[in-house]
Trainee: 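Please see the structure below; I have some questions.
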Amino acid sequence: MWKWIRRILMIILAAVFLFSGTMVILIQRQYSASKKTYAQAAERFTVAAPTVQPTESGDLDADGNGESPAIPDTGKNVNAAPIIVDFAALLEVCPDVVGWIYCEGTVINYPVVQAADNDYYLHRNYDGSYNASGSIFVEAKNGRDFADANTIIYGHHMNNGSMFAGLEDWANQAYYDSHPVMWLLTPTQNYKIELVSGYTTSAFSDTYTVYPNTGEAMSAYLDWAVAQSDFKSTVTPDEEAKYVVLSTCAYVFDNARYVLHGMLVPVDTETEQLPLA
């Protein structure tokens with residue numbers, strides 16, 4: 001009798017082990033597929049913005065002869081995003097696209113989508129195909145044009161470091177100092193995201209309150225967010241500006257989230273038509 005029970009238990013354990021191993025392989029394949037999908041999207045729909053040509057000084061030396069050395073130039077236009085997005089082509093693939101988020105020196109380089117609810121893109125790529133990594137997507141209660149006082153943007157905390165897994169890095173002051181800004185590009189206006197606060201909170205906290213308009217309530221909300229920040233920002237929040245809240249899962253307690261608050265600063269908007277692949 002006990003011999004048969006042991007055999008049955010061994011079979012059950014073997015089946016569980018096989019199922020678990022299969023699921024791990026499938027998930028890893030989905031992670032790999034998602035990474036490839038978004039790398040292809042960046043290659044297909046974005047290009048690096050043209051650099052500013054270095055300038056030379058026309059000043060003469062003390063004797064009035066010759067020119068002084070060239071003035072150092074970073075080659076970057078501080079009033080424009082580092083990339084250009086072909087939204088015309090991107091919207092043909094996915095009409096739900098509302099923007100593109102980018103942060104230099106990180107993996108954050110993704111289209112931003114929005115659906116009628118917050119479930120649709122939890123486990124779908126921007127093109128609608130199923131994938132556990134999901135998409136970077138805007139809270140369904142927000143408008144599509146980032147005109148609300150604060151717009152919430154969600155992304156998964158993936159084990160392979162993709163999507164919004166890196167948001168927790170901003171808990172370190174040195175990391176903030178090296179990455180004080182992100183970029184949000186939209187079909188009609190581009191923005192520099194000047195980060196003002198980052199902290200761990202509950203998924204049910206007041207952080208996720210949507211404020212359609214600026215005013216006293218939004219100002220108090222900003223003061224509260226800044227007071228909780230893990231890093232000290234060099235940015236003074238503007239009460240009349242628009243903001244984004246970037247959110248991802250954290251694992252320090254049940255239903256924990258790590259969020260970044262960023263002020264949207266309009267910048268020069270460039271557009272480019274890229275050939276469809």
Side-chain angles (χ1 to χ4, degrees), residues 49 52 73-83 85 98-110 112 136 138-139 142-143 145-155 164-186 188-201 205-248 250 257-270:
V52 178
D73 197 304
T74 63
K76 295 181 179 180
N77 181 356
V78 296
N79 293 316
I83 63 172
V85 179
V98 295
W100 190 286
I101 191 165
Y102 176 77
C103 183
E104 291 182 278
T106 77
V107 301
I108 298 176
N109 187 22
Y110 299 109
V112 181
I136 304 299
V138 170
E139 162 65 47
N142 280 117
D145 56 0
F146 300 93
D148 291 328
N150 69 319
T151 298
I152 302 169
I153 305 177
Y154 304 102
F164 272 179
L167 293 192
E168 285 185 315
D169 291 338
W170 273 270
N172 185 301
Q173 181 69 43
Y175 194 85
Y176 163 77
D177 291 339
S178 299
H179 306 82
V181 302
M182 294 189 191
W183 300 87
L184 177 66
L185 296 84
T186 82
T188 57
Q189 176 64 59
N190 293 340
Y191 301 92
K192 180 186 291 187
I193 304 175
E194 297 188 344
L195 300 176
V196 298
S197 176
Y199 56 89
T200 303
T201 190
S205 74
D206 290 340
T207 294
Y208 296 95
T209 304
V210 173
Y211 292 92
N213 303 304
T214 58
E216 292 184 5
M218 180 63 188
S219 296
Y221 170 81
L222 285 173
D223 291 342
W224 173 75
V226 170
Q228 297 186 84
S229 183
D230 293 324
F231 60 81
K232 183 174 177 59
S233 175
T234 58
V235 178
T236 300
D238 182 348
E239 295 182 354
E240 298 302 316
K242 310 297 184 183
Y243 292 80
V244 289
V245 181
L246 311 180
S247 172
T248 195
R257 301 290 186 269
Y258 198 85
V259 298
L260 291 177
H261 293 257
M263 182 169 69
L264 294 180
V265 179
V267 296
D268 296 343
T269 301
E270 300 181 69

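The residues of the chain are indexed from 1 along the displayed sequence.
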Trainee: With a 4.5 Å cut-off on side-chain heavy atoms, are Asn213 and Met218 touching?
Mentor: no
Trainee: Looking at CG of Leu264 and CD of Glu194, how far apart are the two atoms once the value is rounded to the nearest 0.5 Å?
Mentor: 10.0 Å
Trainee: Return the set of residues passing side-chain hydrogen bond (donor to acceptor under 3.5 Å, both in side chains) with Thr207 (not counting sequence neighbours), or none when no residue passes.
Mentor: Tyr199, Ser205
Trainee: Is there a side-chain contact between Phe231 and Val196 in this structure, where contact means two heavy atoms from C-beta onward sitting under 4.5 Å apart?
Mentor: no
Trainee: May I ask you to test the Ile152-Tyr208 pair for a side-chain heavy-atom distance under 4.5 Å?
Mentor: yes
Trainee: I'd like to know if the side chain of Lys242 reaches the main chain of Ala147, judged simply by a donor and an acceptor atom lying under 3.5 Å from each other, with no hydrogens or angles considered.
Mentor: yes
Trainee: So, using ring pair (Phe, Tyr, Trp, His ring centres under 6.0 Å) as the criterion, who are the partners of Tyr211 when residues are at least two apart?
Mentor: Tyr221
Trainee: Test of understanding: with side chain to side chain contact (heavy atoms under 4.5 Å, CB included), list the residues that count as partners of Asp206, not counting sequence neighbours.
Mentor: Thr209, Trp224
Trainee: So, using side-chain hydrogen bond (donor to acceptor under 3.5 Å, both in side chains) as the criterion, who are the partners of Tyr243 when residues are at least two apart?
Mentor: none
Trainee: Do the side chains of Leu184 and Asn190 get nearer than 4.5 Å, heavy atoms only?
Mentor: no
Trainee: Taking side chain as C-beta onward, heavy atoms only, is Cys103 less than 4.5 Å from Trp183?
Mentor: no
Trainee: In sequence, state the C-alpha distance, the side-chain angles, and the governing distance for Met182 and Leu246, and then conclude on side-chain contact (heavy atoms from CB on, under 4.5 Å).
Mentor: CA-CA 11 Å; Met182 294 189 191; Leu246 311 180; 3.5 Å; yes
Trainee: Is Asn142 close to Val210 at the side-chain level, that is, under 4.5 Å between some pair of heavy atoms?
Mentor: yes
Trainee: Give the C-alpha distance, both sets of side-chain angles, the deciding distance and a yes or no for side-chain contact (heavy atoms from CB on, under 4.5 Å) between Met263 and Ile193.
Mentor: CA-CA 5 Å; Met263 182 169 69; Ile193 304 175; over 6 Å; no
Trainee: Let's go through Ile101 and Ile108 carefully: what are the C-alpha distance in whole Å and the side-chain angles of both, what is the deciding distance for side-chain contact (heavy atoms from CB on, under 4.5 Å) to 0.1 Å, and is it a yes or a no?
Mentor: CA-CA 7 Å; Ile101 191 165; Ile108 298 176; 3.9 Å; yes
Trainee: Do you know the tightest heavy-atom contact between Tyr110 and Val107?
Mentor: CE1-O, 3.5 Å
Trainee: Does any part of the side chain of Val244, heavy atoms only, come nearer than 4.5 Å to the side chain of Phe146, both counted from C-beta?
Mentor: yes
Trainee: Could you give all pairs that pass the side-chain hydrogen bond (donor to acceptor under 3.5 Å, both in side chains) test and reach residues 226-236, with sequence neighbours left out?
Mentor: Tyr176-Ser233, Tyr176-Thr234, Asp230-Tyr258
Trainee: When you measure from the side chain of Asn172 to the backbone N and O of Ala174, does any donor-acceptor pair fall under 3.5 Å?
Mentor: yes
Trainee: Can you tell me how far the CD1 atom of Ile153 sits from the OG atom of Ser247, to the nearest 0.5 Å?
Mentor: 10.5 Å
Trainee: I'd like to know if the side chain of Gln189 and the backbone of Val267 have a donor-acceptor N/O pair within less than 3.5 Å.
Mentor: yes
Trainee: Taking all non-hydrogen atoms of both residues, which atom of Ala81 and which atom of Ala49 are closest, and how far apart?
Mentor: O-CB, 3.3 Å
Trainee: Asp145 and Tyr191: which non-hydrogen atoms are nearest, and at how many Å?
Mentor: O-OH, 4.4 Å
Trainee: Can you tell me how far apart CG (Leu185) and CH2 (Trp100) are? Round to the nearest 0.5 Å.
Mentor: 9.5 Å
Trainee: Distance from Thr214 atom OG1 to Asn150 atom CG, nearest 0.5 Å?
Mentor: 11.0 Å
Trainee: Looking at Gln173, I want to see if its CD is surrounded by more than 12 non-hydrogen atoms of other residues, nucleotides or ligands under 6.0 Å.
Mentor: yes
Trainee: Can you name the residues that form a side-chain hydrogen bond (donor to acceptor under 3.5 Å, both in side chains) with Glu139, not counting sequence neighbours?
Mentor: Asn118, Tyr154
Trainee: On a heavy-atom basis, which atom in Pro180 and which in Ser178 lie closest, and how many Å separate them?
Mentor: CD-C, 3.5 Å
Trainee: Should Trp170 and Leu195 count as side-chain neighbours, where that means a heavy-atom distance under 4.5 Å?
Mentor: yes
Trainee: Output yes when a side-chain donor or acceptor of Ser197 lies under 3.5 Å from a complementary backbone atom of His261, and no otherwise.
Mentor: no
Trainee: Applying side-chain contact (heavy atoms from CB on, under 4.5 Å), run through Thr186 and Val98 and close with a yes or a no.
Mentor: CA-CA 6 Å; Thr186 82; Val98 295; over 6 Å; no
